[in-house]
Amino acid sequence: MLWIAPSEKDAAAATLEKRLWDAADQFRANSGLKAQEYSGPILGLIFLRFAEVRFITQRKKLEQAGVSSRRGSRIDEPAAYHAESVLYLAPEARFDYLLALPEAADIGAKVNTAMREIEKYNPQLAGVLPKTFNLFTSTLLKELLKKISEIPATLDFDAFGRIYEYFLGEFAMSEGQGGGEFYTPASIVKLLAQVIEPYHGRIFDPACGSGGMFVQSARFVAEHNKNPTAELAIYGVEKVDETGRLCRLNLAVHGLEGDIRHGGNVNSYYDDPHAATGAFDFVLANPPFNVNAVDKERLKDSVGTGRRFPFGLPRTDNANYLWIQLFYSALNPTGRAGFVMANSASDARSSEQELRQKLIEARAVDVMVAVGPNMFYTVTLPCTLWFLDRGKARTPRADTVLFIDARHIYRQVDRAHRDWTSAQIGFIANLVRLYRGEEPDLSMGGRETATKLAEVFGKKPAYTDIPGLCKAATLKEIEAQGWSLNPGRYVGVTPGEDVSDEDFKTQLETLNEELETLNAQARELEATIAANVAGILEA
């Protein structure tokens, strides 16, 4: 199915974002620092601007309440702000105070002090905020403060969040592959949230990066007229300390709190700081793909039923099936997971095929979505979205898996990048809902989503297999395909549709990725054989 949406963007927001990014880029050029050195301070100032807007709104409410209250004004009580998920800002920690400082002042030192004051009165941010503003001249900081002050105080909660996410994405592009490890494009995360439907419960991301999964889950709850802070309990693990702090900052920007363990030696392969096994209603993640050199000796005590790796360890030097099992084992008996994974994991052979078979036979795999190239900022390769549902075994779809080919559904943002529109996300998510026997939810995409559903699935939409788009395959059909979870093996092509040059390129990239995995397996087997032969000769 081909659905290429026209490229369109909120012109006013795009202009503001571009203007702010140009200022940040000028900041970088004039400071001579690397992206990872200046990205934190810039995001810190955007955060402060947003925090002050929310602080002022709450302060005005408290002033009005104080007029009629017998207990007097509470405008300087931090608890009165925390009760509404708003950060308390001491006078010297407010954006307008910093903006009014003369250039002759040591602005870097003043901003560092402001960040310390915020942490002092808001303990959830302890050790999170950047305090390296002394690296920059007062002239540079003054200019940057002026630019960030152009973000209108009238912008709503979501608009501020989008500006923050825009910067995260731009920094991910400027930092290359490393930056991509902590940023997943919003449209991918929105679809993950729409399919697992995190209305209420405990949500976990053991590779949480900058926290985008948590933010989109909170948005999903807010779009359904509930309070995210009351409905969701957030838990995350992040190996890189700086990125973990970025996650906590991102949560704070969106008025959220979470238990994020980061830095030090914490590593989700070896560590389980949240005692995750069987503990969560939802798992959302975009783990690093094809990681090698994991010390499997350290994992042996975590193998077996009811443990972190219930199906066993892969023999290959590839961590994909370690991550997949971590996501599966963290779910409670009705839990759902949605995560991004390398295409090669869907078809991997040898011990990985054995692990995949066990996962499928456990009736946990619910939906597989093939995603085309150029959806990520730092890599062009396509990927696959996996959806697990531990409660599926007790439903009529226990012995089927839904496969969706979404490679030809996208909006071309620019020459090198694609995303999905709200209507496209809503359409794919509602395709899943039809398969599950649920009513459509048009909160994402509205009328355009409804029109597309009617066009494809009838005026009263009901699920049916559509060649080139979706197929509900039985376990027998999946077994016949060598337990493959590659949607392309099941969905087929739309009648009359030719394979384009781009399809061929995508297939070639996927095959090349699989070839690299097979080569790694071959080298490992070669080393094992050589060691065995050497042992026999020495005997």
Problem set entry | Distance flag, aromatic centroids of Y199 and F220, threshold under 6.0 Å | yes
For this session: To the nearest 0.5 Å, tell me how far I118 CD1 sits from E52 CD.
Result: 9.5 Å
Exercise. Is a side-chain N or O of Q424 found less than 3.5 angstrom from the main chain of T421, in a donor-acceptor match?
Worked result: yes
Exercise. If we ignore angles and hydrogens, is there a donor and acceptor under 3.5 Å between the side chains of E257 and T229?
Worked result: no
Exercise. Is it true that R54 and E84 make a salt bridge, defined as a side-chain N closer than 4.0 Å to a carboxylate O?
Worked result: no
Exercise. Roughly how far, to the nearest 0.5 Å, is OG of S85 from CD of Q124?
Worked result: 9.0 Å
Exercise. Judged by modelled atom types alone, do S187 and D419 share a side-chain donor-acceptor pair under 3.5 Å?
Worked result: no
Exercise. Hey, are D366 and R436 close enough for a salt bridge, meaning a charged N less than 4.0 Å from a carboxylate O?
Worked result: yes
Problem set entry | Closest approach of V195 to R336 (non-hydrogen atoms, all atoms of both residues) | O-NH1, 3.8 Å
Problem set entry | Ion pair R261/D259, N-O distance below 4.0 Å | yes
Exercise. Of the non-hydrogen atoms in G244 and E238, which two are nearest, and what is the gap between them?
Worked result: N-CG, 3.5 Å
Exercise. Would you say the side-chain atoms of W386 pair up with the backbone N or O of G338, donor to acceptor, closer than 3.5 Å?
Worked result: no
Exercise. Side-chain donor-acceptor pair under 3.5 Å between N320 and N290, yes or no?
Worked result: yes
Problem set entry | Separation between CG of D205 and SG of C247, rounded to the nearest 0.5 Å | 8.0 Å
Exercise. Going by atom types alone, do N343 and T384 pair a side-chain donor with an acceptor below 3.5 Å?
Worked result: yes
For this session: Say whether W3 and Y410, considering side chains only, have a donor N or O and an acceptor N or O under 3.5 Å apart.
Result: no
Problem set entry | Pair N374, H417: side-chain N/O donor-acceptor within cut-off below 3.5 Å | no
Exercise. Does K146 reach the main-chain N or O of L141 with its side chain, forming a donor-acceptor pair under 3.5 Å?
Worked result: no
Exercise. Distance-only, no hydrogens or angles: does the T449 side chain make a donor-acceptor pair with backbone N or O of M444 under 3.5 Å?
Worked result: yes
Exercise. With distance as the sole test, does K452 use its side chain to make a donor-acceptor pair with the main-chain N or O of A450 at under 3.5 Å?
Worked result: no
Seminar exercise, completed: Nearest heavy-atom approach of I203 to S217 is CD1-OG, 3.1 Å
For this session: Could you walk me through whether E197 and E438 pass side-chain contact (heavy atoms from CB on, under 4.5 Å), step by step?
Result: CA-CA 12 Å; E197 301 178 317; E438 299 171 359; 3.4 Å; yes
Problem set entry | Short N-O contact, D281 and R390, less than 4.0 angstrom | no
Seminar exercise, completed: Result for ring-ring contact (aromatic ring centres under 6.0 Å, His included) between Y235 and one of F204, F280, F214, F282 points to F280
Seminar exercise, completed: Nearest heavy-atom approach of P91 to Y97 is O-CB, 3.6 Å
For this session: Look at the rings of Y81 and F55 and say which category their plane angle falls in: under 30° parallel, 30 to 60° tilted, over 60° perpendicular.
Result: parallel
For this session: Please determine if D106 and K110 form a salt bridge, counting it only when a charged side-chain N lies under 4.0 Å from a carboxylate O.
Result: no
For this session: Any chance you could lay out the side-chain contact (heavy atoms from CB on, under 4.5 Å) test for R418 and R411, step after step, and finish with the verdict?
Result: CA-CA 6 Å; R418 296 174 176 176; R411 171 173 61 180; over 6 Å; no
Exercise. Quick one: do R49 and E150 make a salt bridge, cutoff under 4.0 Å?
Worked result: no
Problem set entry | Neighbour count above 12 (heavy atom, 6.0 Å) for K239 NZ | no
Exercise. Quick check: does any side chain N or O of N250 sit under 3.5 Å from a backbone N or O of S210, one acting as donor and the other as acceptor?
Worked result: yes
For this session: Ignoring hydrogens and angles, state whether a donor on the side chain of D441 or H224 is under 3.5 Å from an acceptor on the partner side chain.
Result: yes
Seminar exercise, completed: Closest heavy-atom pair, T277 versus G306, reported as atoms and distance to 0.1 Å, is CG2-O, 3.3 Å
Exercise. Looking only at heavy atoms, what is the nearest atom pair of N265 and D271, with distance?
Worked result: O-OD2, 3.1 Å
Exercise. Considering residues, nucleotides and ligands other than K131, do more than 12 of their heavy atoms fall under 6.0 Å from its NZ?
Worked result: yes
Exercise. Does atom CG of D301 have more than 12 heavy-atom neighbours from other groups under 6.0 Å away?
Worked result: no
